[in-house]
Every structure is written in structure tokens, then in C-alpha cells.
Amino acid sequence: MIQFRGTRQEFGEYYGLRLREFHHNFFRHTNTETLRRQLKIYEKFYPELVQEKLAAAQILNQDPQFLLYEDLAAPVDAQRRKANQHQHGCTIFAIRENGKVFVGRNYDWLPEAREFFERYDIDIKGANRYFSFSDESVWGRHVGRRSRKIYAEDAINEYGLYIGLTASKIDKWNYGLTPSHLIRYITEHCKTTRQALNVFAKMPCAVPKNFLIADASGNLAVIEHSSRNYEIIRPDDTGILIHTNHCLSPKLQRIDHVYQKNPRTDSFLRYQETNYLIREQLPGFQFTDLWRILRESHYIYNEDTIWSLALELSEQRFNVYYDTAMGQKHTKFNF
């Protein structure tokens, strides 16, 4: 686990030294127009992140343009080229019942990436403290190069606000914050789902993703983001909210390639199995029921899903299950 306490400047320096330690393949080129457009957006909405990258470049004696391009702008160009179009199989869900709020999540990281799995405990001065989880998108099968980048796929902060993403099969792109940076921004600055939704209302998103947001009060929402626009999905009357990798909004289904080109994807199976297994435990859903859904299912859990997250936001009970392809292991964490 990575633990950090300090200022934003110190975190940027820590990030830079970490890249050096793991022999990161630093970029040696930029698309100056993409960087110019992206930097303008980040300086307006998330200048702290720009400060981080400049601090990292300084301690590494690197041209800051290369680090800025890699983190802020290269994902836009990759999405525009439709790069890294591999299969995705992550499942995420939230349940609100009897004053309690549960979140379960299975990641689709392959067993070969086990050495890159990270749990971050980040406490930057002036921002909310949070835990975050990632395989860092660093191993060759994902990015084709050596890296050790910090990449948040979901996070939970000290106020009990959770946000996590699942992959989208929409192939649009835009200038804006990357999904991982949106997660970091919301986790650092927001306490509630309502505040998080306000962030999406004002900040552009560069790459299509689905974001599930839940807070300790039980306010649940999914943002299905096409990068050009988004739709908000709310839980049904029983307080259940599920997302896999296909769009639930009729408006976005028209541009979702799952419906157009891959109707046999297991995204639909995972959605239906999650829904069935949750309802089997109602009423009276318990924290231990999350384990049953995450680990004993047929489609949610599979050989390519070796990490899972189980949260109870209202009472702050947090478990992460890991390396389950080698045997059941888990650890608890809290603030």
C-alpha cells in the first residue's frame, strides 16, 4: 500500500521519484495542439494537478511539457485513435436499505497484472483524505510500455463518498479532464453525491466512462458519460443501482457499440446476475452478502477478475479482496 501525507508540491515530487524508481518510459514527444487545449482546461478547473506535474518534472529534471502531455493530453489522443480497445468485464453496484449503504465492485484486471495492484492512502494538505485502487494501467498488455503511473479507477474519501468507473463502449472523445482525474478531483473536493454531480455539470470529460457515485446518506447515481454529454441513472424503488459495461440510458444506447457490434457481451449477464443475487438477499441485506455476490457468482466473478471491493459507507466498513486467483485473501482498511 502507498501512504502519503504532505503538501501538493511534495506529492508531485513523490510521484516523480516513483516514476524514476520503476524506470518509467518517459514521453519524448508531444502533440502541442492537444496539450495546449488540455492545459487550458486543467488550469481553469484543476490547477492543483498541473502543479503536481510541474513538481514532478522539476525533481526529475525533465521537460515539463512531456509530463504534462503524458498525463493531461495523451489520453485524448489515444481515445481519438481508438487505441487500447480491449475487452472489459468490470461490475459495480450500490444498495440502499434500512439506513445502510453498500457498494460492491469487481475489477476486470487480469492475473498477469497482480504485481501492479495498488491501494493508495492519500492525504494531501487542503484536500479530502482518500483511499484509491488501481492496477495503474502500467503493464505492457495495457499500454505497450513500462510505467508506474498513479491511476485511480475508484476512490472512497473520509466523508464516505465513493466514486468508481466502468468501461464504456462509446467511441467519442472530447477535450476535458480524464476520467481518473475527475475521480481524484471529486474525491478531493466533494463530500456528497450532490456535490459530485455538480462537478460533472461544470467540468468536461475527455473519455467516455460510466461513473457510479454513492455517499453515506444513501444518495446514489450513475453518470453515463459519452464525453460530449451525459445521462444520470438513479436507483429503482428498492434502492438498487447496478452498472456493468453497457448503457442503460435509451439516449446513449443509440451510440453504444455494445448494442451495435457486440450484443453477445457478458455485460448483460453480469448485470442480470448482480440484480438477481442482490434481490435474493433482500430484505435485510448485510455486509457479508457483498462477499457472496462478488465471490460466489458465475459471471461477476471469473478467472479474469481477481480483485474486489466491498464497502459499507454509512458505518465505514471497508474490505478489499485481492489475488483471488491464488486463493482468497482480503484486508480491511479505514480512516
Side-chain angles (χ1 to χ4, degrees), residues 2 4 8 11 15 38 41-42 45-50 52-53 71-72 74-76 79 88 90-94 103-109 117-124 127-138 142 149-168 174 176-216 219-227 230 232-233 241 243 245 307 309 311 313 318 320 333:
I2 294 174
F4 176 84
R8 184 76 62 172
F11 186 66
Y15 171 76
Q38 285 292 96
I41 291 171
Y42 274 85
F45 292 112
Y46 204 177
E48 310 100 299
L49 201 76
V50 178
E52 271 183 30
K53 307 312 170 189
D71 274 5
L72 311 188
V76 173
Q79 180 67 16
H88 299 280
C90 42
T91 300
I92 191 168
F93 59 89
V103 173
R105 194 258 172 74
N106 266 5
Y107 304 93
D108 64 347
W109 305 331
F117 172 74
E118 293 283 10
R119 174 163 57 106
Y120 310 118
D121 179 358
I122 306 298
D123 191 356
I124 297 174
N128 300 334
R129 180 184 171 191
Y130 64 93
F131 287 92
S132 186
F133 306 88
S134 180
D135 66 347
E136 301 176 288
S137 195
V138 298
H142 276 185
K149 294 174 62 176
I150 294 174
Y151 182 90
E153 294 206 6
D154 56 1
I156 169 75
N157 72 17
E158 60 187 300
Y159 295 100
L161 177 66
Y162 170 84
I163 178 169
L165 60 79
T166 67
S168 171
N174 196 9
L177 269 65
T178 70
S180 177
H181 291 160
L182 273 168
I183 286 176
R184 277 196 61 194
Y185 181 91
I186 287 169
T187 309
E188 290 178 356
H189 293 82
C190 299
K191 300 179 182 180
T192 66
T193 298
R194 182 177 179 180
Q195 291 174 350
L197 293 177
N198 288 337
V199 170
F200 281 102
K202 68 180 182 180
M203 289 191 182
C205 179
V207 178
K209 295 290 182 183
N210 308 302
F211 302 86
L212 187 144
I213 312 167
D215 64 23
N219 191 357
L220 313 179
V222 160
I223 293 281
E224 293 184 339
H225 214 303
S226 75
S227 79
Y230 66 86
I232 300 175
I233 309 297
L241 187 60
H243 215 287
N245 303 111
W307 290 283
L309 192 65
L311 309 174
L313 303 182
F318 308 142
V320 59
F333 61 98

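In the model, Y42 has no side-chain atom that pairs as donor or acceptor with a side-chain atom of D71 under 3.5 Å. Side chains of N210 and S168: a donor-acceptor N/O pair is absent below 3.5 angstrom, by distance only.
Between the side chain of N219 and the main chain of T192, no donor-acceptor pair closer than 3.5 Å is present. Between the side chain of N106 and the backbone N or O of T91, no donor-acceptor pair lies under 3.5 Å. Although no hydrogens or angles enter the test, the distance criterion places a donor-acceptor pair under 3.5 Å between the side chain of Q38 and the main chain of G176.
Here the CD1 atom belonging to I92 is positioned 4.5 Å from the CG atom belonging to L212, to the nearest 0.5 angstrom. Rounding to the nearest 0.5 Å places CZ of F11 at 6.5 Å from CZ of F4. Taking CG of N174 as the start and CD1 of I41 as the end, the distance is 7.0 Å to the nearest 0.5 Å. Between atom CG of residue L311 and atom CD1 of residue I156 there is a gap of 5.5 Å, rounded to the nearest 0.5 Å. I233 CD1 to H243 NE2: the interatomic distance, rounded to the nearest 0.5 Å, is 6.5 Å. The line from SG of C90 to CH2 of W307 is 13.5 Å long, rounded to the nearest 0.5 Å.
The shortest side-chain heavy-atom distance between I186 and N157 does not fall under the 4.5 Å cut-off. Residues I183 and K209 have side chains not in contact (no heavy-atom distance under 4.5 Å, counting atoms from C-beta outward). Here the side chains of R184 and L49 are in contact, with some heavy-atom distance below 4.5 Å. At least one side-chain heavy atom of L72 sits under 4.5 Å from a side-chain heavy atom of H181. Within the 4.5 Å cutoff, no side-chain heavy atoms of S132 are placed close to those of T187.
Shown here for T193 and A214, the closest heavy-atom pair between the two residues is OG1-C, 3.6 Å. Across A221 and L197, no two heavy atoms sit closer than the pair CB-CD2, 4.2 Å.
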Tabulate below the donor-acceptor pairs under 3.5 Å that side-chain atoms of residues 158-165 make, not counting sequence neighbours, or state none.
| unit_1 | atom_1 | unit_2 | atom_2 | d |
| --- | --- | --- | --- | --- |
| E158 | OE2 | R129 | N | 2.7 |
| Y162 | OH | D154 | OD2 | 3.0 |

Taking it one step at a time, do E153 and L309 satisfy side chain to side chain contact (heavy atoms under 4.5 Å, CB included)?
CA-CA 12 Å; E153 294 206 6; L309 192 65; over 6 Å; no
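A74 is linked by a side chain to side chain contact (heavy atoms under 4.5 Å, CB included) to F27, Y69, counting only residues two or more places apart in sequence or in another chain. A search for side chain to side chain contact (heavy atoms under 4.5 Å, CB included) contacts involving S180 returns Y151, A152, T178, not counting sequence neighbours. Legend: residues meeting ring pair (Phe, Tyr, Trp, His ring centres under 6.0 Å) with Y230, ordered by chain and number and at least two apart, are H225. Residues satisfying the side chain to side chain contact (heavy atoms under 4.5 Å, CB included) criterion with E48, sequence neighbours excluded, are R8, Y46, H189. Legend: residues meeting ring pair (Phe, Tyr, Trp, His ring centres under 6.0 Å) with F131, ordered by chain and number and at least two apart, are F333, F335.
Under the 6.0 Å cut-off for aromatic ring centres, F45 and Y185 do not qualify, their centroids lying 6.0 Å or more apart.
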